[in-house]
Amino acid sequence: MLGLHDPWIVLVYLLCIGSTLLCVIYGLINWNRGGEPMIPKNKFVEWEKEEEDLEEKS
Amino acid sequence: MNQIVLILTLLVYLLLTGYLGYLGYRRTKNATDYLLAGREAHPFIMALSYGATFISTSAIVGFGGAAATYGMSLLWLTFLNIFAGIFIAFVIFGHRTRTMGYNLDAHTLPELLGKRYQSRFIEVLSGIIIFLFMPIYTAAVMMGLSQFLAVNLNISYEVALFVFSAIVAVYVIMGGLKGVMYTDALQGTIMFVGMVILIVLTYTRLGGITAAHESLTKLNPFVIELFGKIGHQGFTSMPAFGSNLWWTVISTIVLGVGIGVLAQPQLVVRFMTVKSTRELNRATLVGGIFILFMTGVAFTVGAVSNVYFHNESGMISFLAAGKNVDLIIPLFIQKTMPMWFGILFLITLFSAAMSTMSSQYHTMGTALSRDIVDTILKRKSTMSLSRIGTFIGIIVSTVLAWGLPRFYEAGSAIIARGTSLFFGLCASTLLPMYVGALYSKKITRTGAIAGMFTGFFVSMFWFLFVHQAESKVLGLCQALFGKPALWGHPWNVVDPILIALPLSALVTYLASRTSKRTEISHLDLCFQGINNQK
């Protein structure tokens with residue numbers, strides 16, 4: 001198969017392609033799925049303010 | 001090769017890299033931006049950044065050359081790179097890492113572990129291990145890039161080392177993880193295009209997939225004549241079970257690197273850069289394809305290069321390249337590919353090295369500033385301190401890459417083992433408690449610390465006294481016992497990860513069973529939003 005004769009090499013050649021397909025199919029099926037809410041917008045403002053305070057203190 | 005075209009292309013590439021680094025700098029406003037790209041990275045950028053960091057020049061040139069010598073059995077590493085390094089890493093580890101990291105406001109892998117186990121000791125010790133041992137892994141990447149640049153641009157090793165370190169240093173120090181990830185995305189795209197063209201041109205030149213493999217199989221007797229004694233059974237066959245070569249390929253190359261990747265701090269941190277698990281789902285698709293075209297192509301092209309060299313010179317690749325494994329891929333490109341591709345491939349290799357180096361610099365910097373200094377001083381870190389930490393990390397690894405080969409006879413050989421040393425140590429010391437942190441409420445702080453120490457000391461013992469590839473160049477075993485390794489076959493070819501990782505996991509589990517449980521309220525905080533996660 002594919003010019004290869006050792007079954008372990010044939011298997012790994014196919015597994016490389018198969019595992020890539022697994023990633024692709026998983027990504028497509030779960031394209032819009034996400035288990036938790038996004039980070040609230042006010043968090044970004046909070047982080048920025050915290051940084052300013054810390055820089056001022058140091 | 002036309003030097004002027006090469007230099008002009010390189011300048012355009014560096015200008016684009018510089019612009020993206022500047023963009024990262026402009027968009028970096030606080031420590032979360034600097035350390036985690038603001039936790040809002042695009043999935044495409046995240047996946048390419050993860051992949052480009054994962055794959056360094058040595059994965060393409062060094063391991064591609066190894067595939068030219070050992071054959072297609074190295075594709076087992078590609079399989080693990082995709083299945084473990086992408087699918088398991090993103091789906092099994094990534095989702096929980098992102099959510100728990102956000103719950104605990106963690107910005108680095110040591111910080112995540114420290115906060116999960118409520119132990120500043122774990123955070124500081126993990127930071128120290130990273131800061132002490134990552135420079136030698138970084139030096140390995142820097143040395144590879146500098147040697148490559150020195151040959152192709154006709155400049156000295158030192159000039160190449162200092163100039164390119166400085167270029168990468170600027171955009172990492174100023175742009176933080178945003179600068180790193182933006183440039184990684186460009187570099188990853190170049191790498192992808194370069195490797196896709198490489199596999200298409202190679203198979204086309206050799207008459208197609210089946211014809212190339214058939215021709216390679218016919219060359220088996222030539223390599224068995226050379227390496228049959230250590231277990232080689234041909235380019236398209238697995239090495240003889242239990243032979244020296246089998247242990248090297250399976251334990252060191254396939255499992256050592258394939259599993260070691262799961263606890264790499266510079267990769268784990270990327271899971272915390274995205275807004276939600278939706279981005280991780282999308283990144284899994286991109287990451288899987290990317291890695292197939294990196295190591296999959298490098299190992300296949302490495303193996304089938306034997307067909308070309310044998311047709312042209314009557315010699316297999318290993319002999320045609322003067323027994324220098326690292327020369328096989330560059331020589332194959334030079335002999336078989338058009339000039340424009342030679343230039344593109346050089347830029348591909350620059351990209352591979354620079355993307356890995358930039359993330360290493362960033363991780364060393366955050367280990368020193370956030371995980372060690374800030375944790376000991378019990379304060380919150382600022383961007384300024386992270387920048388200083390990164391600067392110190394860069395200086396240390398540059399001095400190592402410059403000084404170790406110059407002042408120490410075995411310096412180059414030690415640096416060359418840097419990747420496996422760091423991968424092995426990270427897996428053995430961090431992986432069991434990382435898995436425990438994400439998946440078990442029963443693993444305790446005491447268990448995590450006990451497993452960490454076990455992993456560290458067993459790994460170090462194995463590197464220094466048993467695994468001959470490292471113990472021979474480190475020289476301590478020879479100095480103390482008058483021989484390069486304490487024990488003979490098969491122990492001297494069994495990779496440390498195979499011994500240290502199971503022991504570390506066992507000790508983590510046993511010590512957790514006999515120690516005080518973690519408070520329920522803390523576990524509730526850690527696992528908030530995780531149990532109902534898809």
Side-chain angles (χ1 to χ4, degrees), chain A, chain B residues 29-33 38-40 71-73 75-76 78-79 82-83 86-87 90-91 95 98-99 102 209-217 233-234 236-238 275-289 291-292 296 300 379-385 529-530 532-534:
Chain A
M1 188 181 189
L2 295 165
L4 301 167
H5 304 287
D6 184 328
W8 288 102
I9 302 295
V10 175
L11 176 68
V12 75
Y13 200 89
L14 296 176
L15 278 175
C16 289
I17 296 166
S19 52
T20 305
L21 286 176
L22 177 70
C23 292
V24 171
I25 292 165
Y26 179 87
L28 288 176
I29 290 174
N30 295 291
W31 192 259
N32 282 319
R33 282 194 192 166
E36 72 292 341
M38 303 281 189
I39 298 167
K41 278 284 169 214
N42 62 349
K43 267 280 173 195
F44 296 102
V45 182
E46 216 174 274
W47 289 333
E48 205 162 319
K49 187 164 182 332
E50 189 182 64
E51 181 68 25
E52 281 166 15
D53 293 345
L54 284 168
E55 289 284 1
E56 269 172 31
K57 276 183 205 165
S58 61
Chain B
K29 307 251 185 256
N30 54 57
T32 304
D33 286 337
R39 292 193 196 268
E40 52 177 359
M72 296 181 89
S73 57
L75 284 175
W76 282 101
T78 299
F79 167 61
I82 302 166
F83 187 69
I86 299 292
F87 190 77
F90 278 53
V91 179
H95 286 195
R98 197 215 75 85
T99 309
Y102 180 66
I209 296 175
T210 306
H213 295 168
E214 289 282 6
S215 307
L216 185 62
T217 305
Q233 299 195 115
T236 52
S237 302
M238 289 298 288
K275 274 190 278 194
S276 74
T277 50
R278 190 187 67 181
E279 275 69 27
L280 284 176
N281 293 336
R282 294 176 180 185
T284 309
L285 180 150
V286 181
I289 299 172
I291 297 297
L292 175 71
T300 308
R379 62 179 206 184
K380 282 208 161 190
S381 59
T382 59
M383 276 196 298
S384 315
L385 192 71
I530 281 183
N532 56 355
Q533 200 171 73
K534 168 65 191 170

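Here is how names work: the chains are called A, B, and so on, in the same order as the sequence lines, proteins then strands, and each is numbered from 1. Keep in mind that this is a model prediction, so the values were computed, not measured.
Note: A/Gly3 leads A/Gly3, A/Gly27, A/Pro7 in heavy-atom pairs under 4.5 Å with chain B. The residue among A/Ile29, A/Val12, A/Val24 with the most heavy atom pairs within less than 4.5 Å of chain B is A/Val12. Most heavy-atom pairs under 4.5 Å with chain A: of the set B/Ala283, B/Gly288, B/Ser237, this distinction falls to B/Ser237. Chain A forms the most heavy-atom pairs under 4.5 Å with one residue out of B/Ile291, B/Thr210, B/Ile209, and that residue is B/Thr210. Here B/Ile82 is the residue among B/Ile86, B/Thr78, B/Ile82 with the most heavy-atom pairs under 4.5 Å with chain A. Put simply, of A/Val10, A/Leu21, A/Leu4, the one with the most heavy-atom pairs under 4.5 Å next to chain B is A/Leu4.
With a 4.5 angstrom heavy-atom cutoff, B/Thr217 touches chain A only via side-chain atoms.
Here the straight-line distance linking atom CG of B/Asn281 with atom OH of A/Tyr26 works out to 4.0 Å at 0.5 Å rounding. Here the CG atom belonging to A/Leu28 is positioned 11.0 Å from the OG1 atom belonging to B/Thr284, to the nearest 0.5 angstrom. Remark: B/Thr236 OG1 to A/His5 NE2 distance equals 6.5 Å, nearest 0.5 Å. Rounded to the nearest 0.5 angstrom, A/Cys16 SG and B/Leu75 CG are separated by 5.0 Å. Note that CH2 of B/Trp76 is 8.0 Å distant from CD1 of A/Ile9, once rounded to the nearest 0.5 Å.
Of all heavy-atom pairs spanning B/Met238 and A/Trp8, the tightest one is CG-CB, 3.5 Å.
Looking at A/Leu15, A/Thr20, A/Leu22 one by one, the single match for side chain to side chain contact (heavy atoms under 4.5 Å, CB included) with B/Phe83 turns out to be A/Leu22.
Using cut-offs of 30° and 60° on the angle between ring planes, the pair B/His213 and A/Tyr13 is perpendicular.
No donor-acceptor pair under 3.5 Å is formed between the side chain of B/Arg278 and the backbone N or O of A/Asn32.
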